[in-house]
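Notes follow once the structure below has been shown.
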Amino acid sequence: MQSHFLIITGMSGAGKSQVVRTLEDLNFFCIDNLPATLIPKFAELCRQTSEDKVALVVDIRGGQFFEKLLQVLDEMKASGQKYELLFLDASDETLVRRYKETRRRHPLGERNTLLKNITSERELLDPLREEATYIIDTSSLTTAQLKAKVTELFSEGASKERMGIAVRSFGFKHGLPLDSDLVLDVRFLPNPFYVEELRSMTGNDRPVADFICRYPQTFQYLKLEEQLLDFLVPQYISEGKAQLVISVGCTGGQHRSVFIANKLYEFLRERGYSVEVSHRDIPRNK
C-alpha cells in the first residue's frame, strides 16, 4: 500500500477544503488546522499505529503556530521524517471573486482590504511555496477537475516513482500560470492572429499549424527545446521531483503556444514520460 504523510497549505480560498474531502474519499485520515509544532509528534504517532495515509491542513488560521511551519519542516527533514507538501494556489482575481461570492471573511481579518490581505498572505506563504512537492493552481479548475487532479496524484494506483509532466499553453495577456516550473515564450514566432482566415482558429487546427510550420525558426526552436528537455527532465527525476509544469506562452494563448505545446507533448510522450497537455486560454478566446 502506498504510504503518504501529506501536509496541505496554500492560499485561503484556493480549495483546501475540497482537497480534504477528496482525500477522505481516498481513505486518508485528515486533520484540519493542526498547530505546526504538533506535526512531528503526530507523524511519530502515525508510525507507531501504522497509519499510512495521513493529510494535515496547516495554514494562516494557525496564527503564531503557523509561523513555525518552515522550522518544523526543516527539523523533520533533518531527522529523516518523510513528508510531502501540497501547496494550493490561485490568482488574486480568482480569490477575490470567490470571497465575494461566498461572503466569507479572510483569515487575516477586516482591518485591511481583501486584496491587501491576499497580498500579505501570499508574501507569508512564498517560502513554503518554494518548498512544495506539489503545486496546484486552482484558478481555472472546476470542482470536478480539482477532484480528478488530487485523485490522480494520491490514489492507490498513483505511482510515486514516475514524475508527472504537464505541458500547457497560455496567453501572456491573461497572466502567467502560477504553478509553472518552466515558462517558454514563443511570441517571436509569426502570429497567425494577423491572418484574417486564421484568427478565429487555434493551434489545434491544421491551417494554423501549416502557417506556423512555414517558418524555419519554428523547427530550429523546437529542436533546441527538445535538446533542453532531454537534459533537464532526467535531472528533475533524479532530484526526486514529482511534478513538472511546462508553460508555453504567446500573446493570447490561442495559436502559437497551443501548437508548440502540442509538439512538446508529442516529443515527451515519445520519450516514454507520463505527460498531459492542456490549453488554458482557448476557452477564454473562443
Open item on the list: Checking Y221 now: which residues fulfil ring pair (Phe, Tyr, Trp, His ring centres under 6.0 Å) with it, not counting sequence neighbours?
Closed with: F188
Task: Residues in salt bridge (charged side-chain N to carboxylate O under 4.0 Å, His left out) contact with R104, at least two apart in sequence or another chain - done: none
Task: Shared-cluster residues of Y194, by chain and number - hydrophobic side chains joined below 4.5 Å - done: F193
Open item on the list: Is it the case that the side chain of T9 and the backbone of V58 share a donor-acceptor pair, with hydrogens and angles ignored and the cut-off at 3.5 Å?
Closed with: yes
Open item on the list: List the residues meeting ring pair (Phe, Tyr, Trp, His ring centres under 6.0 Å) with F170, not counting sequence neighbours, and say none if there are none.
Closed with: F172
TODO: Work out which heavy atom in L198 is nearest to a heavy atom in P207; give both atom names and the distance.
DONE: CD2-CB, 3.7 Å
Open item on the list: Going by the rule salt bridge (charged side-chain N to carboxylate O under 4.0 Å, His left out), which residues pair with R122 if we only count those two or more places apart in sequence or in a different chain?
Closed with: D89, D92
Open item on the list: I'd like to check the side chain to side chain donor-acceptor pair (under 3.5 Å) partners of E226; sequence neighbours left out, ordered by chain and number.
Closed with: none
- [ ] With sequence neighbours excluded, tell me which residues meet side-chain contact (heavy atoms from CB on, under 4.5 Å) with L124.
- [x] none
Open item on the list: For residues 242-268, which residue pairs pass the ring-ring contact (aromatic ring centres under 6.0 Å, His included) check, not counting sequence neighbours?
Closed with: none
Task: Pairing residues for Y215 by the side-chain contact (heavy atoms from CB on, under 4.5 Å) criterion, not counting sequence neighbours - done: P190, F211, Q217, T218
Open item on the list: Check R97 with E101, please: is the shortest side-chain N to carboxylate O separation under 4.0 Å?
Closed with: yes
- [ ] Not counting sequence neighbours, which residues clear side-chain contact (heavy atoms from CB on, under 4.5 Å) with P40? List them please.
- [x] V72, M76, Q81
Task: Residue list, salt bridge (charged side-chain N to carboxylate O under 4.0 Å, His left out) with R47, at least two apart or on another chain - done: E44
Task: side-chain contact (heavy atoms from CB on, under 4.5 Å) partners for T113, two or more places apart - done: L115, K116
